[in-house]
Amino acid sequence: MQLRTLPLLLATIFSAHQAFADDNDVIPQVDVTAAHLKSARIDLSPNVGTTIYSIDRHMVDQLGQGDNTPFNEVLLRLPGVSQDSKASGSIHVRDDHANVQYRVNGVQLPESISGFGQSIDTRFVESTDFITGALPAQFGLRTAGIVDIQTKEGQPQSGGRVGVLVGSHDHVQPSAEFFGTQGAFNYYLSGSYLSNNLGIENPLPTRNALHDETRQAKSFGTLSYFLDDNTRLGLMFGTYNGRFQIPNNPDQQPAFAVTGATAPASSQLDERQREVNRFLVLSLQKSVGDLNYQLSGFHQYSELHYTPDQIGDLAYNGVASDTLRSNTANGVQFDASYKLNSAHTLRTGLAYTRQTTHSDNTVGVFDVNDDGTQASTDPRTIIDNSSKTGKLSSVYLQDEWHISAPLTVNYGVRFDKVDAFVSEQQWSPRVNVAYQLDKGTALHAGYSRYFTPPPQELAAQSSIDKYAGTSNAPEVAVSDNVKSERTNYYDIGLSHQFTSALTVTADAYYKKIRNMLDEGQFGQALILSPFNYDRGYAKGLELSAIYSQKNWGGFLNVTTQKAEATNITSGQSLFGPDELAYIANHYIHVDHDQTVTASGGAHYHWGDSQISGDVLYGSGLRLTPDGGGPNSGHLPHYTTVNLALTHTWKATPVGTVEGRLALVNAFDKVYLLRDGSGVGVGAPQYGERRSVYAGISTSF
């Protein structure tokens with residue numbers, strides 16, 4: 001949805017509401033009812049025995065770009081979350097490649113096709129619980145971390161906020177929010193548009209990238225109608241449209257000749273990628289005494305289209321692939337809780353998703369000789385299209401048992417079944433324990449069995465036989481289907497409140513994994529392809545501290561971790577034979593493994609002003625050194641510092657005005673996120689150089 005359509009939608013909502021909300025005598029107190037039902041909705045999801053880190057509006061305001069901060073960068077300030085390039089997944093949680101579940105207002109969003117953009121817009125988030133560890137039975141399929149978002153909602157008094165952020169790299173980002181209540185009707189709407197010249201990480205250490213423009217539009221809305229004090233009917237929707245230029249790497253030499261054409265300079269290539277994602281969720285929430293439930297139906301569509309530079313891609317790579325990947329998902333989700341008595345709360349639920357994936361590829365290639373040399377300068381076209389309809393089914397039952405005042409146990413089981421490129425299923429027992437050692441000290445521990453199907457939208461299978469004898473022929477002519485990952489997960493943690501202002505937590509985990517899933521970029525199109533290692537493990541230790549006083553506070557997170565795996569058992573055609581042979585007989589670090597990750601920050605308030613800063617540290621992701629084993633080396637460590645200054649002017653003629661000034665990478669650190677080597681890594685990517693942003697917004 002473009003920003004210009006928001007006023008029209010808002011007017012339509014108002015008009016429709018008047019048709020059924022004239023009798024104010026039967027309208028419930030919406031603000032009280034909304035708070036009651038929001039609390040009931042949150043209670044549908046247990047958190048006993050898990051590791052939970054919370055993000056509120058105050059923390060977001062401390063970040064340099066505030067509401068305009070990309071949501072993945074907000075998550076980087078949490079323990080166990082490490083940074084990667086956009087082409088490699090953006091973030092990793094506890095050494096998983098992806099495997100992150102996003103839930104908005106209690107509904108698990110269907111997965112979109114991975115790309116450079118994000119459907120989640122930070123500005124519509126009211127609060128976020130980031131849940132990791134040994135998860136209760138309610139959470140399945142994507143289990144590295146649960147991003148549980150509660151969105152903003154309409155307020156008793158209608159209002160809104162408009163603003164713009166401008167800065168380095170020709171960055172322009174206008175945004176708008178509207179919210180309010182009319183009778184039993186509650187609404188919140190937001191939209192934003194982004195334009196800049198640094199859409200994807202620069203393959204060079206320079207300040208500005210070549211051919212790297214992006215244009216991105218987002219919208220989100222949540223509409224609620226309260227049928228009575230205990231019943232809410234809700235509609236939630238979101239859209240994302242992104243266009244990206246693929247940045248160029250100059251001074252490269254062509255590897256192939258093209259009949260009748262001269263290869264353009266590598267600095268002049270014109271490769272592009274377009275991304276679309278939209279979702280719609282209709283929910284009915286009901287609270288009846290000790291019974292709470294929410295029933296939701298959802299629809300999601302996502303699409304990714306890579307357009308090559310036809311001559312340039314052929315000349316430099318011998319392949320020019322016009323790739324269109326799309327995924328449509330429809331399904332239902334039901335969650336319920338029942339307080340049986342003071343000691344037991346039962347929770348149950350089910351979910352069903354039916355999704356159809358299309359992979360359409362028009363591939364230009366050259367014929368080659370047996371030794372791999374070019375046999376003809378006339379390219380030919382191969383049509384490589386496929387589609388798949390898959391189904392995901394899940395059901396769970398669990399009991400939260402308060403054994404005594406200090407001890408609570410949550411135990412349960414879930415069943416998951418996938419029928420797509422593979423047909424698999426698993427029963428997964430879960431048990432979590434929370435024990436309050438004393439007033440300020442709490443211990444938790446848990447065990448969970450996980451079942452993680454490969455993402456269907458990325459697992460489209462093509463026939464490698466079509467490329468035999470061409471410049472796109474794989475070195476290995478075998479490509480088994482990607483299988484579901486199966487994990488035994490152990491977690492234990494301790495938190496202690498030293499003073500009313502200082503809380504420290506420590507958490508340790510170990511994962512023993514079969515069919516370990518990973519993803520990599522193997523072609524020109526920046527679309528990730530999944531594959532399995534036969535066996536793997538991951539382990540780590542997280543330390544976190546939060547300090548908060550009236551006018552100032554800070555946080556510090558330090559994580560050390562390790563993830564290794566052996567023997568690639570699917571998608572073998574994506575690799576070289578020597579690489580496969582080595583990995584078949586050795587445990588190697590996965591490419592996204594980073595030994596130490598740290599983040600920290602501090603802020604200080606005085607009057608209507610605030611100064612804040614944060615720091616991110618990474619010891620370096622994996623690389624494959626010359627003459628070394630796959631992923632046996634790591635990139636140099638890096639530290640980046642970001643600063644922000646904000647000031648608020650209250651009661652102005654145009655409402656409350658906030659001004660913001662941000663400095664990203666204040667010391668202009670040049671650092672590599674990826675160097676182009678490693679298993680499943682396609683090209684180098686450098687982090688953003690020093691950048692300045694200024695923003696202004698008004699609330700009314």
Report task. Evaluate the criterion salt bridge (charged side-chain N to carboxylate O under 4.0 Å, His left out) for residue pair Arg514 and Asp534; output intermediate values, then yes/no. Result -> CA-CA 6 Å; Arg514 288 297 307 267; Asp534 179 47; 3.2 Å; yes
Report task. With side-chain hydrogen bond (donor to acceptor under 3.5 Å, both in side chains) as the test, would you mind laying out the steps for Gln300 and Asn277 before giving the verdict? Result -> CA-CA 7 Å; Gln300 181 260 0; Asn277 186 52; 2.9 Å; yes
Report task. Given side-chain hydrogen bond (donor to acceptor under 3.5 Å, both in side chains), test Ser302 with Asn327 step by step and report yes or no. Result -> CA-CA 5 Å; Ser302 65; Asn327 187 72; 4.7 Å; no
Query - Check against side-chain hydrogen bond (donor to acceptor under 3.5 Å, both in side chains), Asn488 and Tyr447 - result: CA-CA 7 Å; Asn488 289 302; Tyr447 163 78; 2.6 Å; yes
Query raised in the report: Between Thr357 and Gln456, does a side-chain hydrogen bond (donor to acceptor under 3.5 Å, both in side chains) hold up when you go through it step by step?
Result: CA-CA 7 Å; Thr357 302; Gln456 180 181 307; 3.1 Å; yes
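Residues meeting the salt bridge (Lys or Arg N to Asp or Glu O under 4.0 Å) test with Arg274, sequence neighbours left out: Glu303. Evaluation of the salt bridge (Lys or Arg N to Asp or Glu O under 4.0 Å) rule for Asp96 yields Lys511 as partners, not counting sequence neighbours. Evaluation of the side chain to side chain contact (heavy atoms under 4.5 Å, CB included) rule for Asp121 yields Arg123, Phe124, Ser192, Lys218 as partners, not counting sequence neighbours. Shown here are the side chain to side chain contact (heavy atoms under 4.5 Å, CB included) partners of Leu194, two or more places apart in sequence or in another chain: His171, Gln173, Asn196, Gln216. A search for side chain to side chain donor-acceptor pair (under 3.5 Å) contacts involving Arg430 returns nothing, not counting sequence neighbours. Partners of Arg535 according to the salt bridge (Lys or Arg N to Asp or Glu O under 4.0 Å) rule, which considers only residues two or more places apart in sequence or in another chain, do not exist here. Under the rule for a side chain to side chain contact (heavy atoms under 4.5 Å, CB included), the partners of His444 that lie at least two apart in sequence or sit in another chain are Thr51, Asp491, Asp507. Applying the side chain to side chain donor-acceptor pair (under 3.5 Å) criterion to Asn642, with sequence neighbours excluded, gives Asp614. By the side chain to side chain donor-acceptor pair (under 3.5 Å) test, Tyr638 pairs with Gln83, sequence neighbours left out. Applying the side chain to side chain donor-acceptor pair (under 3.5 Å) criterion to Arg690, with sequence neighbours excluded, gives no partner residue. Taking Asp668 as the reference, Arg207, Arg689 meet the salt bridge (Lys or Arg N to Asp or Glu O under 4.0 Å) condition, with sequence neighbours excluded. When the side chain to side chain contact (heavy atoms under 4.5 Å, CB included) test is applied to Leu621, the partners found at least two apart in sequence or on another chain are Asp84, Gln594, Arg674.
One distance of note links CD of Gln245 with CD1 of Ile200; it measures 9.0 Å at 0.5 Å rounding. Atom CZ of Arg103 sits about 6.5 Å away from atom CG of Asp148, to the nearest 0.5 Å. Here OH of Tyr467 is found 6.0 Å from CG of Asn472. Values are rounded to the nearest 0.5 Å. The CD atom of Glu564 sits 8.0 Å away from atom NZ of Lys539, with the distance rounded to the nearest 0.5 Å. Here the OG1 atom belonging to Thr560 is positioned 7.0 Å from the CG atom belonging to Leu541, to the nearest 0.5 angstrom. The distance from the CG atom of Asp313 to the CG atom of Leu269 is 6.5 Å, given to the nearest 0.5 Å.
Side-chain N/O atoms of Ser359 and Asn361 include a donor and acceptor closer than 3.5 Å. A donor and an acceptor atom, one from each side chain of Gln572 and Asp480, are located under 3.5 Å apart.
Side-chain contact between Val615 and Thr640 is absent, with no heavy-atom pair separated by less than 4.5 Å. Taking 4.5 Å as the limit, some side-chain heavy atom of Tyr617 sits within range of a side-chain heavy atom of Val596. Contact check for Tyr686 versus Val670: side-chain heavy atoms found under the 4.5 Å cut-off. Within the 4.5 Å cutoff, side-chain heavy atoms of Arg77 are placed close to those of Met59. Between Ser632 and His589, every side-chain heavy-atom pair lies at or beyond the 4.5 Å cut-off. You'll find the side chain of Pro454 reaches within 4.5 Å of the side chain of Ser484, heavy atoms only. By the 4.5 Å heavy-atom criterion applied to side chains, Pro453 and Leu141 are counted as neighbours. Between Asp416 and Gln425, every side-chain heavy-atom pair lies at or beyond the 4.5 Å cut-off.
Atom NE2 of His634 sits in a sparse spot, with 12 or fewer heavy atoms from other residues, nucleotides or ligands closer than 6.0 Å. Residue Lys388 places its NZ atom among more than 12 non-hydrogen atoms of other residues, nucleotides or ligands, all under 6.0 Å distant. Heavy-atom contacts from other residues, nucleotides or ligands closer than 6.0 Å to CD1 of Ile546 number 12 or fewer.
Side chain of Glu201 to main chain of Lys86: a donor-acceptor pair is present (N/O by atom type, distance under 3.5 Å, no hydrogens or angles). Within the 3.5 Å criterion, the main-chain N or O of Thr505 finds no donor-acceptor partner in the side chain of His496. In this structure a side-chain-to-backbone donor-acceptor pair under 3.5 Å is missing from Asn249 to Gln252. A donor-acceptor pair is defined here as one N or O able to donate and one able to accept, closer than 3.5 Å; such a pair exists between the side chain of Thr206 and the backbone of Asn208. A donor-acceptor contact shorter than 3.5 Å links the side chain of Thr559 to the backbone of Gly80. At least one donor-acceptor pair under 3.5 Å links the side chain of Arg622 to the backbone N or O of Asn631. Between the side chain of Asn481 and the backbone N or O of Phe421 there is at least one donor-acceptor pair closer than 3.5 Å. Side-chain atoms of Asn665 come within 3.5 Å of backbone N or O of Glu688 as a donor-acceptor pair.
Nearest approach of Phe71 to Val147, heavy atoms of both residues: CE2-CG1, 3.7 Å. A pairwise comparison of heavy atoms in Ile149 and Thr128 identifies CG1-OG1, 3.9 Å as the closest pair. Residue Arg142 comes nearest to Gln101 through the heavy atom pair O-NE2, 2.9 Å, listed as atom of the first residue, atom of the second, then distance. Here the closest heavy-atom approach between residue His92 and residue His97 is recorded as ND1-O, 2.7 Å. In terms of heavy atoms, Leu198 sits closest to Ala209 at CD1-CB, 4.3 Å. Nearest approach of Pro455 to Glu519, heavy atoms of both residues: CG-OE2, 3.5 Å.
Here the rule is ring-ring contact (aromatic ring centres under 6.0 Å, His included) with Tyr450, and of Phe139, Tyr490, Trp427, Tyr489 only Tyr489 fits it.
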